[in-house]
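Report on the structure given below.
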Amino acid sequence: MSRITSWHGNPSKPLYTPPAGAIDAHCHVFGPMADFPFSAKAKYLPEDAGPDKLFALRDHLGFARNVIVQASCHGTDNAATLDAIARSNGKARGVAVVDPAISDSDLAALHDGGIRGIRFNFLKRLVDDAPKDKFLDVAKRLPAGWHVVIYFEADILEELRPFLDAIPVPLVIDHMGRPDVTQGPDGADMKAFRAFLESRDDIWFKATCPDRLDPTGDPWNAFADAVAPLVADYQDRVLWGTDWPHPNMQDNIPDDGHLVDIIPRIAPTVELQRKLLIDNPMRLYWPEEI
C-alpha cells in the first residue's frame, strides 16, 4: 500500500475570524509512523500528519483548541492521539477507539490522558467488524462524563436505532450521519436525522465535512443550505471541526481556510457561532473549566 496525502499543503487564511477560544472539535493525527505505526488492519496508509502540523494549522486558522478523534488507520492503539494531546499544553482533548474488552483501569488511564469519549465506526469501507452487543457493554462502563461518538451513513440510521437508543450516555454523531445534502433541508435524510435528534435530548452532532457530503464542490452551497436550519434548530447540541487531515480525501482535498469560511453560513449570528465553536464543545470536553 503506497502512502497517501489527503490534506492541503498551503491552506488559505480564512476570511472568517473565529471567536477567541474557538475549538476545532473534529480532527485527527496520523503517526508519525516511525513512532506510532499504523494498524495492520488499516484500509489506508497516510503520510505523517502529526501534532506539529495540526497545531500549526490550528493557529493559522484562528482556533485555540482541538478535539482529536482517533483515526481508523491507528486501530485501537490510541498512542498517537494521546501523544498529540500530551503535546498540546492542555489545548487538546480526545476521542478514543477501543477494543470493547478494554479493562476499567485502561479506560481510567485514557481519561487521565485527556480522552473524553469513544468512537464506534459503522462504515464498512473502514472497519471489518462492528459488534453492537460488545459496543453496548463497553458503553455501560465508561468513566463519568464520557460520551459515545458514532460514525455511520444515512442509509443505516433506521437499522441502528435500537442500538443507538440503548446507549446509556450522550451520543455525538459524526458529520450528521452523512445525509444527502443535495436533497435540501427538508430532504428525507435530514427529516430522518431530525426525528432521531427529537428522540432524546442528549444527542449531539457535528455540522462538518462539506467536502465529503456536498458533491457540488467548494463553496459547498448545498451543504450550507441544508445544514443551516439544522444548526439553528438544535443550536445547543452542535459542534464543528475541520476533519483535518481529511482521511481518504486525497482525490478531493479541501482548502481548510474555505472550510472555516462555511461557519458563518451555517451559524450566521455571533451568538450561534459562540455556541458552535466554544460553549458546546467546552461542555463536552472541558466541563471543569465552565
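Scope of the values below: all heavy atoms of this structure, side chains included, with no hydrogens, waters or symmetry mates. One-based numbering along the sequence shown.
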query = How close do A207 and V231 get, heavy atom to heavy atom, and via which atoms?
reply = CB-CG2, 4.0 Å
query = Taking all non-hydrogen atoms of both residues, which atom of M282 and which atom of I23 are closest, and how far apart?
reply = SD-CD1, 3.6 Å
inquiry  = Between T81 and V97, does the side-chain contact (heavy atoms from CB on, under 4.5 Å) criterion hold? Intermediate values first, please.
reply    = CA-CA 10 Å; T81 296; V97 175; over 6 Å; no
Check for a donor-acceptor pair, side chain of [X] on one end and backbone N or O of [Y] on the other, with a separation under 3.5 Å.
{"X": "R194", "Y": "D233", "result": "no"}
{"X": "D261", "Y": "L15", "result": "yes"}
{"X": "D214", "Y": "A222", "result": "yes"}
{"X": "Q235", "Y": "K275", "result": "no"}
{"X": "N89", "Y": "K91", "result": "no"}

ask   = Of all residues at least two apart in sequence or in a different chain, which pass the salt bridge (Lys or Arg N to Asp or Glu O under 4.0 Å) check with K134?
value =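 Residues passing salt bridge (Lys or Arg N to Asp or Glu O under 4.0 Å) with K134: none at all.
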With a 4.5 Å heavy-atom cut-off, do [X] and [Y] have their side chains touching?
{"X": "S88", "Y": "N66", "result": "no"}
{"X": "I262", "Y": "V227", "result": "no"}
{"X": "F196", "Y": "L171", "result": "yes"}
{"X": "T76", "Y": "Q70", "result": "no"}
{"X": "F120", "Y": "V138", "result": "yes"}
{"X": "R265", "Y": "F223", "result": "no"}
{"X": "F205", "Y": "L230", "result": "yes"}
{"X": "I266", "Y": "V238", "result": "no"}

Output the distance between atom [atom1] ([X]) and atom [atom2] ([Y]), rounded to the nearest 0.5 Å.
{"X": "I4", "Y": "N248", "atom1": "CD1", "atom2": "CG", "value": "5.5 Å"}
{"X": "D255", "Y": "H8", "atom1": "CG", "atom2": "NE2", "value": "4.5 Å"}
{"X": "D137", "Y": "I102", "atom1": "CG", "atom2": "CD1", "value": "13.5 Å"}
{"X": "I68", "Y": "R93", "atom1": "CD1", "atom2": "CZ", "value": "11.5 Å"}
{"X": "D279", "Y": "R274", "atom1": "CG", "atom2": "CZ", "value": "4.5 Å"}

ask   = So, are R141 and D104 salt-bridged, with charged N and O less than 4.0 Å apart?
value = yes
ask   = Salt bridge between R87 and D83, side-chain N to carboxylate O under 4.0 Å?
value =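 Answer for the salt bridge query: yes.
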Do [X] and [Y] pair up side chain to side chain, a donor and an acceptor below 3.5 Å, judged on atom types alone?
{"X": "E47", "Y": "T5", "value": "no"}
{"X": "W146", "Y": "H111", "value": "yes"}
{"X": "Y16", "Y": "Q273", "value": "yes"}
{"X": "R212", "Y": "N252", "value": "no"}
{"X": "T208", "Y": "D243", "value": "no"}

message = For K13, I'd like to know if atom NZ has over 12 heavy atoms of other residues, nucleotides or ligands within 6.0 Å.
response =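 More than 12 heavy atoms, drawn from other residues, nucleotides or ligands, come within 6.0 Å of this atom.
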inquiry  = For residues 165-191, which residue pairs pass the ring-ring contact (aromatic ring centres under 6.0 Å, His included) check, not counting sequence neighbours?
reply    =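 Output for this query lists H26-H175, Y151-H175.
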ask   = Do any pairs count as a ring-ring contact (aromatic ring centres under 6.0 Å, His included) and have a residue in residues 47-94, sequence neighbours left out, and if so which ones?
value = F38-H74, F63-W240
key: salt bridge (Lys or Arg N to Asp or Glu O under 4.0 Å) contacts in which one or both residues fall within residues 59-77, not counting sequence neighbours   =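 Listed by first then second residue: R65-E289.
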task = Scan residues 148-175 for pairs that pass salt bridge (Lys or Arg N to Asp or Glu O under 4.0 Å), counting only residues two or more places apart or in two chains.
result =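 Residue pairs passing salt bridge (Lys or Arg N to Asp or Glu O under 4.0 Å), neighbours aside: R119-D174, E153-R178, R161-D165, D174-K206.
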ask   = Please walk me through it: do I85 and I115 pass side-chain contact (heavy atoms from CB on, under 4.5 Å)?
value = CA-CA 9 Å; I85 295 169; I115 299 296; 3.9 Å; yes
request  = Kindly determine whether E198 and I203 satisfy side-chain contact (heavy atoms from CB on, under 4.5 Å), including the steps that lead there.
outcome  = CA-CA 9 Å; E198 288 295 326; I203 303 171; over 6 Å; no
ask   = For L164 and L157, what are the C-alpha separation, side-chain angles and deciding distance, and is it a side-chain contact (heavy atoms from CB on, under 4.5 Å)?
value = CA-CA 9 Å; L164 297 170; L157 173 56; 3.9 Å; yes
Same apolar cluster (I L V M F W Y, side chains within < 4.5 Å links), M249/W220 = no
inquiry  = Tell me if the centroids of the rings in F122 and F163 come within less than 6.0 Å of each other.
reply    = yes
task = Please list, chain by chain and in numerical order, all residues satisfying side chain to side chain donor-acceptor pair (under 3.5 Å) with D256, sequence neighbours excluded.
result = H246
